[in-house]
Every structure is written in C-alpha cells, then in structure tokens.
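Remember, it's a predicted structure, so these values are computed and weren't measured experimentally.
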Amino acid sequence: MQQILKFIPRDSVLFGSWLSSQGLDARGQYAYMKSGWLDRISKGVYKLHGTEPSLLTTVSSYNTQLGKSCVVGAYTALELRGYSHYLFIGKPVAFLFTDKSNKLPSWLLKEEWDMNIKYMTTSFLGDELLGVETMTINQCNFLVSSPERAILECLNLPDSSSSLLDIYYIIESMTTLRSNLVQTLLEACTSQKVKRLFLYMAEKAGHSWYRALKLDNINLGTSRFMITPTGKYINKYNMTISKELAEYE
C-alpha cells in the first residue's frame with residue numbers, strides 16, 4: 001500500500017479495480033478497510049482514512065485510474081484559466097461533461113462534495129474532445145476545456161438565455177483566443193443557436209481573431225431563433241436576443 005501511495009496525491013479517491021491492478025486484490029482492500037486504513041465511499045471505491053477528497057480530485061482519480069474522460073468545462077474551466085467574471089453565490093459550482101455512453105456513476109453525483117455539481121452529457125461539439133486540454137493542479141491531472149471550448153459550453157447550457165450579458169462580458173475579455181481552434185470547434189458544433197450567439201458576440205466585441213474566421217465554412221442554418229421571448233431581432237444572425245445585450249456598448 002505504501003508503494004501505491006507514493007505515486008498519487010494523498011487525498012485521491014481509490015478505485016478497487018485500480019488497486020487490484022497495482023497488486024492489492026479485493027481481499028487486501030477489505031483487510032485495509034477493516035484495519036482502519038481505508039474508508040469505503042461506495043462499492044469498490046475508497047479514500048484514505050482521515051482524508052476528505054475534493055470533487056475535482058475525485059474526477060481526476062476517476063479519469064486517471066479508470067481511463068475515463070470526464071471534462072471540467074464551461075464556467076469552471078474558465079475560472080481555472082483566470083476568467084473569473086462569473087461568480088456563483090454560495091458553494092462553488094463544478095460543470096462536468098461526458099458523452100452519453102460514459103455517464104458518471106450515481107455515487108459520485110449523490111455524494112456531498114466541496115462543490116455543487118452541474119453535470120451534462122452532450123456531444124454538441126462531437127465526441128473527439130476537440131479543444132480539451134490537460135491541466136495539472138496540485139499533482140492531479142484534469143481534462144479541462146480550453147477557453148475556446150468552454151465559452152461555447154456556457155452558451156449551450158440550458159439556462160444560458162438568462163445569462164447572455166454575463167457571457168458577453170467574458171467574451172469581451174477574450175482577446176487571445178486561437179482562431180484556428182475557434183474555427184474547428186464552430187465547424188464541428190451541431191447547435192446553430194450556440195454558433196450564432198457566439199459569432200454575434202465575437203463580432204460585437206471586435207476581436208481580431210473573429211476577423212480571421214472563415215465564416216463561409218460555418219453552417220448557421222436558416223431557421224429563425226427566439227433566444228429570448230421578447231427583445232431585438234438581429235437580421236444578420238436571424239435571431240431575437242434580449243434588448244440589454246443588443247443595446248450594450
């Protein structure tokens with residue numbers, strides 16, 4: 001056990017299948033639990049006695065030990081990257097994403113953590129993890145959406161229509177986005193609503209990377225969108241948005 005612990009952060013969650021692959025079989029795991037070294041979180045899931053794994057540390061353990069791809073995205077990814085314009089009241093919020101075929105286990109979603117979980121299964125940017133990058137924080141490796149991907153995830157959230165001005169404030173500050181990655185993500189994006197809102201905001205903010213985009217290669221569709229029930233109609237993007245966003249300067 002001591003050898004195993006040399007290679008992982010002390011507050012990691014330990015998965016039984018991974019411990020077995022490291023040489024500590026189910027009988028050994030049971031013995032360590034009975035002797036007080038391990039505490040059981042769920043079936044085949046443990047923590048070291050006396051530790052309190054954080055949600056993000058647990059997600060890191062889940063990915064690295066089980067070979068999963070749970071992505072820290074949207075506002076949480078932006079905050080990790082220094083875009084902290086959007087503040088949640090109370091306990092911090094973790095936006096987590098997986099594809100539909102790899103849903104997070106129920107124990108992880110139900111456990112009481114240091115952050116509230118906002119979890120979505122989505123493939124609106126494809127299943128190739130475009131724009132997802134590895135970040136290392138306190139010896140833990142995380143899959144984190146790049147700023148280019150994270151802002152699109154914010155626009156795709158179910159309640160995004162009520163937060164458009166907040167999202168615009170963030171986009172306004174994003175002066176260094178990589179136009180090639182933005183282009184790739186927008187071409188892969190299946191949500192015409194997200195693409196139109198993003199391009200409208202990027203154009204409104206006047207960013208140089210926006211001017212480098214090949215707009216003819218981005219399919220925006222022909223349907224009219226009522227992003228908000230009332231507001232101002234934007235002819236170029238065939239959508240109605242809130243007056244506060246349309247008139248903000």
Chi angles and distances behind the side chain to side chain contact (heavy atoms under 4.5 Å, CB included) call for Ser12, Trp18: CA-CA 12 Å; Ser12 296; Trp18 180 78; over 6 Å; no
Side chain to side chain contact (heavy atoms under 4.5 Å, CB included) between Leu48 and Leu38, worked out: CA-CA 5 Å; Leu48 282 177; Leu38 294 176; 4.0 Å; yes
Step-by-step side-chain hydrogen bond (donor to acceptor under 3.5 Å, both in side chains) determination, Arg224 to Thr240: CA-CA 8 Å; Arg224 178 170 178 174; Thr240 299; 3.2 Å; yes
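A donor-acceptor contact closer than 3.5 angstrom links the side chains of Glu153 and Ser145. Counting only N and O atoms by type, the side chains of Thr136 and Asn141 include a donor and acceptor under 3.5 Å apart. Gln65 and Ser17 share no side-chain donor-acceptor pair at under 3.5 Å.
Side-chain contact check for Leu186 versus Leu199: some heavy-atom pair is nearer than 4.5 Å. Side-chain atoms of Phe198 and Asn156, non-hydrogen and from C-beta on, never get closer than 4.5 Å to each other. Contact of the Leu143 side chain with the Thr134 side chain is registered, since non-hydrogen atoms from C-beta on lie closer than 4.5 Å. The closest side-chain heavy-atom distance from Leu78 to Met174 is below 4.5 Å. Inter-residue side-chain proximity for Leu164 and Met201 is flagged as met; some heavy-atom pair is nearer than 4.5 Å.
Atom CG in Asp166 sits 11.5 Å away from atom CD1 in Ile171 (nearest 0.5 Å).
Environment of OH in Tyr30: sparse, with no more than 12 heavy atoms of neighbouring residues, nucleotides or ligands closer than 6.0 Å. In the displayed structure, Asn217 atom CG is contacted under 6.0 Å by more than 12 heavy atoms of other residues, nucleotides or ligands.
A salt bridge (Lys or Arg N to Asp or Glu O under 4.0 Å) check over residues 94-109, counting only residues at least two apart or in different chains, returns nothing. The salt bridge (Lys or Arg N to Asp or Glu O under 4.0 Å) analysis of residues 12-22, with sequence neighbours excluded, yields no pairs.
In this structure, Arg178 pairs ionically with Glu133, as a charged nitrogen and a carboxylate oxygen lie closer than 4.0 Å. Salt bridge status for Glu172 with Lys204: absent, with no side-chain N to carboxylate O gap under 4.0 Å.
By the 30° and 60° cut-offs, the orientation of the rings of Tyr237 relative to Tyr200 is perpendicular.
Under the 4.5 Å side-chain contact rule for hydrophobic residues, Met226 and Leu220 do not share a cluster. Tracing side-chain contacts under 4.5 Å through hydrophobic residues (I, L, V, M, F, W, Y), one never reaches Leu197 starting from Tyr233; they form parts of separate clusters. Under the 4.5 Å side-chain contact rule for hydrophobic residues, Trp37 and Met33 share a cluster.
For Ser146, the side chain to side chain donor-acceptor pair (under 3.5 Å) criterion is met by Glu148, not counting sequence neighbours.
Ring to ring, Phe124 and Phe97 are not that close: their centroids are 6.0 angstrom or more apart. The ring of Trp107 has its center no closer than 6.0 angstrom to the ring center of Tyr62.
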